[in-house]
Structure formats: C-alpha cells, structure tokens
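For reference, the structure is listed below as structure tokens.
It should be emphasised that the depicted structure is a prediction, and the values quoted were computed from it without experimental measurement. Values below: every heavy atom of this structure, side chains too, minus hydrogens, waters and symmetry copies.
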2 protein chains.
Amino acid sequence: MNDVGRRRYATLAASLRARVQAGEWPPAIALPSEQALAQENGVALGTMRRALQVLVEEGLIERIHGRGTFVRSGLSGASMLRFFRFGSGRGGVPRSTIVSVKRVVTTAEVQRQLGSAPGAAALQLLRLRSFDGVPCVLEQIWLPLPDFELLAAGDPGDWGDLLYPLYAERCGVQVHRAVDEIGFGSLTAAQARHLGLPAGHPCAVVKRAAHDVAGRCVEVRVTRGDAHAFRYAVTLT
Amino acid sequence: MNDVGRRRYATLAASLRARVQAGEWPPAIALPSEQALAQENGVALGTMRRALQVLVEEGLIERIHGRGTFVRSGLSGASMLRFFRFGSGRGGVPRSTIVSVKRVVTTAEVQRQLGSAPGAAALQLLRLRSFDGVPCVLEQIWLPLPDFELLAAGDPGDWGDLLYPLYAERCGVQVHRAVDEIGFGSLTAAQARHLGLPAGHPCAVVKRAAHDVAGRCVEVRVTRGDAHAFRYAVTLT
DNA sequence: AAGTGGTCTAGACCACTCT
DNA sequence: GAGTGGTCTAGACCACTTG
C-alpha cells in the first residue's frame, strides 16, 4: 500500500486503472481532462500525461485530439476469419447462422477458463459463418449465465452477423481483450457435415478466451476451419 | 525533402533511423548521449528523447540506464521451436544437424522474397533439429550469395546449434526482423523420413523471411513439424 | 471562443553503470 | 566521481473538435 520510492506516474497509472476497471467512466463519456487530473493529484501536467500514456499502451483507454480521453470500447477486428483465406471473402462481414442454442452445465475445461463455480450453468451456441452461402468456419461458444440470460430468451434469428456488439447491446458486456490459441486437429463427422467437408478432414482449431475490461472471462470459443485455408503472419523484432 | 510543419521529433527520428541503417554505429558501441544529440541538432533534451523513443518502439535501438543507447543486435528468441510443444523440450536449445548444403539457382518464389535478380545463386541448407536425439522440425533455408560465400566453403560440422550467431560471426550479417507465416500442409515422403513420421502426415509449415537492419532480406526459411505438436497464442486488444 | 490533447522548451534532480 | 539515461516540474504555444 506504500508508494515510497515508486515512480509517481506508475502510481497514478495504477490508480486510474482501478477506477477505469471499476467502471467509473462508461464508454463514450470522457475522463476528466489531463489538466483536471493533474491538479486533482497534485502533479505536473507532464507526469499525468505519462500516466495516461501507460494506460493507452495497455489498450485500456484512448485519447482523441480535441475531444478527450475515453475508456476503449469493445474489440474491433477480432473476427476469426482473419486466420483464414477463403476465395470469395473480400473483406466483407460473413453471414452468421446460429445452428443451436442450449443451456448446459459446463465441462471442467470450459469452467476453468470461465472462472465459474463447479456445476455452473452456461449458454452454449453453435454458429456457422459463411461467405456467399459457402460455410467457412464452425464455432462452439460458451457464455456464462446468468449474465447472458437475455440471449437465452431471445430469438437467434435477429442477432445479426456480429456477436460482440450484440453482447454489448443486450447484455451490457464489453469484450476488451482476447487470447487466441492456435492448434491443429481433425473434424468429427458432425462438424464436417456443417462445413461440407469429409469426416476426419484436417482443421485448424482456434481456442479463444475473451475478457472484459475488469479481466473477467466472458466468453469461451472454439473455432474450426479447413486447415488448408489457414494462414497467419507473425512479425518478430 | 521539406520538413516545414512536420513534428520535430519525427524529423529527428527519421534522420537517426537513416544513420542507424547506414551502419554509423556498429552494435556494442554506443550512440552519442541524448545531451550531445540534442545539442548537435539544436533541440531541447525532451524532444530528442522523444525521437529516440520512436526508434525504441520500432525495435531499432535500445537504451540502457547508466550505459548508453545502442543499435539492437540480432534477434533473440526467434527459435521455430516456440511454435511447437515437444515433450522433452524443457526450454533448452535443441541439437542442430545440417543434412545438406548446396549451391542452387533459386526458384521464382524464393527469389522474390530474397529480392535477388533472376538466376541469382543461393546457398540451400537442409537442417534437422532434435531434442535428445528425437527429430522435431525440418528446415529448408536459402541464403543469398555471395554474402554467405564463407559458409559454402566451411564445414557444417562445426556450425553449432544456432544459425543467427553464425551468420553474424562468419558473414557479418545481423538478422534484425523476421516475418513468420503459419500454415498447414502434409509431409512428402522424404520430409517424413527425416522426422520419423509417415508420408502424408499433417504438418505445420512456417515460412519465414528474415531481414537485416536496413530492411534487406537475408534469409528465407521453411520449417515443418508435426501438426499435432503445433500451438501458438495471440493476444488481441 | 472555449476546451481538449499534442509538441516543445529549459532546467532540476534521481538512479544506474563504469572506472 | 563522471557520465549515462529516467523522472518530474512549470510553462508556452499549437492543432483539433465542438458549440
């Protein structure tokens, strides 16, 4: 609890981080100006700027010249399709089809990732994404209940093609950070049927854990697509 | 060529970048101090710091408290093994076996990546890496000639287990940046034989283009390993 | 015009490394 | 102790967005 010897901007950054994670500033309403924050904390303007810069680099907030400083809203460009090259997919948003929605008791593995209690309930979705009617990837998705109770009630037909905006609008859940783990496997007969591929066909498997701004896991997702369509680039420096 | 209206630190950063890429400061000898650079360019210290910070973020230089500012030397942690999970590989450096070395005329694809002229010569290596005598990944490597002429002459037996330090010591080539593109495929009979797997076995394929500090491509590499041992994590924010 | 973040300055003082 | 980068200050001025 003692800050002696600690860099002042780091202390300020920690304090601001806590306030952001506690939801003090909802997305779309600005934080106090750097002037105000500096005064409030009795530090020079440059020091407060430095503290804010830390949170910017963490991806927690964004600063817009002339407008203000804002808590970053949901993830953009998180589509699984970025892992695959499909002939017709010219950057557009692929169609989403919800194959099934059921209330389940999570398996131990999913439970661990969601950080929920043993025997906790979840909503399990099966979702197919396609370009021009051609199925590309198949997704299994688990959402913790009761947070997503409103989705369990609704009609999947009007959910649209993107899930994260849906989570935000209907359930007030903002996905802020995600970790994707890439692996390899082969399709079960049932999975292959949805994708129009032979059973046992090789597939890329992307396991995602998505978290909100406070670090709580709000979605577990397993995506499968044809291994031959998989491509992903990494830059090292 | 005109800097009017441009941010001063960006101009300074560009100037420094050019000098670094021209090789003005070899690795291990320090750049002038920020004081000296600021004075030399007639700007405040903070502005020069900001310019240096740009190059740090680009991964071009690194600053060490109390010692000075240095051009970053070769890539570290660039091992292909980071893409795979093998039972025995507890973080150690795997053994490297050079299967073959030959002088070749590059294919169009490799030529394009190396940025060399049509019909240009290259050195082609075939390399097997193993833990405890168990082969893990197989690599095809192309190196532009005449830059790597000294390797063509030497005995692969004394090359050791790491290539990038070898490139630096024997040929004066520093690998500074690399782009790895991940995909999936299957092994040819010859490839499978080296890895002790059946022909046609699914494999992960990592295609790398490695560049020096000036941006020139100095190595093309294709690495293959058992697809079932592949795993890679990506974080999105 | 008022308010926001971005750039630049000039200087003090601190922390680390080397000799 | 001399020299390096890292932190912090106090303030001027600029560029962008909004009413």
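Heavy-atom distances to DNA chain D give each of Gln35(B) and Met48(A) a nearest nucleotide, and the one nearer the 5′ end belongs to Gln35(B).
The side chain of Arg50(B) contributes no N or O atom lying less than 4.0 Å from OP1 or OP2 of dC8(C). Contact annotation: Thr69(A) reaches the phosphate of dG5(C) (side-chain N/O to OP1 or OP2, under 4.0 Å). Side-chain nitrogen and oxygen atoms of Tyr9(B) include none within less than 4.0 Å of the OP1 or OP2 phosphate oxygen of dC8(C). Residue Arg67(B) places no side-chain N or O under 4.0 Å from the OP1 or OP2 atom of dC16(C). Distances shorter than 4.0 Å separate none of the side-chain N or O atoms of Arg7(A) from OP1 or OP2 on dG6(D). Under 4.0 angstrom from either OP1 or OP2 of dT9(C) there lies at least one side-chain N or O belonging to Arg8(B). In this model, the phosphate group of dG3(C) is not approached by any side-chain N or O of Ser33(A) to a distance below 4.0 Å at OP1 or OP2. Regarding contacts with the backbone of dG6(D), a side-chain N or O of Arg63(B) is found under 4.0 angstrom from either OP1 or OP2. A close approach under 4.0 Å does occur between a side-chain nitrogen or oxygen of Arg49(B) and OP1 or OP2 of dG6(D).
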Residues 205-215 of chain A, side-chain donor-acceptor partners within the protein, below 3.5 Å, at least two apart:
unit_1    : atom_1 : unit_2    : atom_2 : d
Arg208(A) : NE     : Asp180(A) : OD1    : 2.7
Arg208(A) : NH1    : Ala78(A)  : O      : 3.3
Arg208(A) : NH1    : Tyr164(A) : OH     : 3.0
Arg208(A) : NH2    : Ala78(A)  : O      : 2.8
Arg208(A) : NH2    : Asp180(A) : OD2    : 3.1
His211(A) : ND1    : Gly215(A) : O      : 3.3
Asp212(A) : OD1    : Ala214(A) : N      : 3.0
Asp212(A) : OD1    : Gly215(A) : N      : 3.0
Asp212(A) : OD1    : Arg216(A) : N      : 3.0

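Atom C1' of nucleotide dC8(C) and atom CD of Gln53(B) are separated by 16 Å, given to the nearest angstrom. Atom CZ in Phe70(A) sits about 10 Å away from atom C1' in dT17(D), given to the nearest Å. Here the C1' atom of nucleotide dT4(D) and the CG atom of Leu52(B) are 13 Å apart, to the nearest Å. Spacing between atom CD of Glu62(B) and atom P of dT17(C) amounts to 14 Å, rounded to whole angstrom units. As rounded to whole Å, 14 Å separates atom C1' of dG3(C) from atom CD of Gln39(A). Rounding to whole angstrom units, CG of residue Leu45(B) and C1' of dT9(D) are separated by 14 Å. Between Glu34(B) atom CD and dA15(C) atom P the separation is 17 Å, expressed in whole Å.
Relative ring orientation between Tyr167(B) and Phe148(B) is described as perpendicular, the plane-to-plane angle rising above 60° on a 0-90° scale split at 30° and 60°.
Judged by ring centres under 5.5 Å apart and planes tilted less than 30 degrees, His65(A) fails to stack against the six-membered base ring of dG6(C).
Arg224(B) and Gln140(B) share a donor-acceptor pair across their side chains, judged by distance under 3.5 Å alone. A side-chain donor from one of Glu139(B) and Thr223(B) sits under 3.5 Å from a side-chain acceptor of the other.
Taking a cutoff of 4.0 Å between a charged side-chain nitrogen and a carboxylate oxygen, Glu40(A) and Arg19(A) qualify as a salt bridge.
Among the protein residues, Ile64(A) comes within range of the sugar-phosphate backbone only, with heavy atoms under 4.0 Å from sugar or phosphate atoms but none that close to a base.
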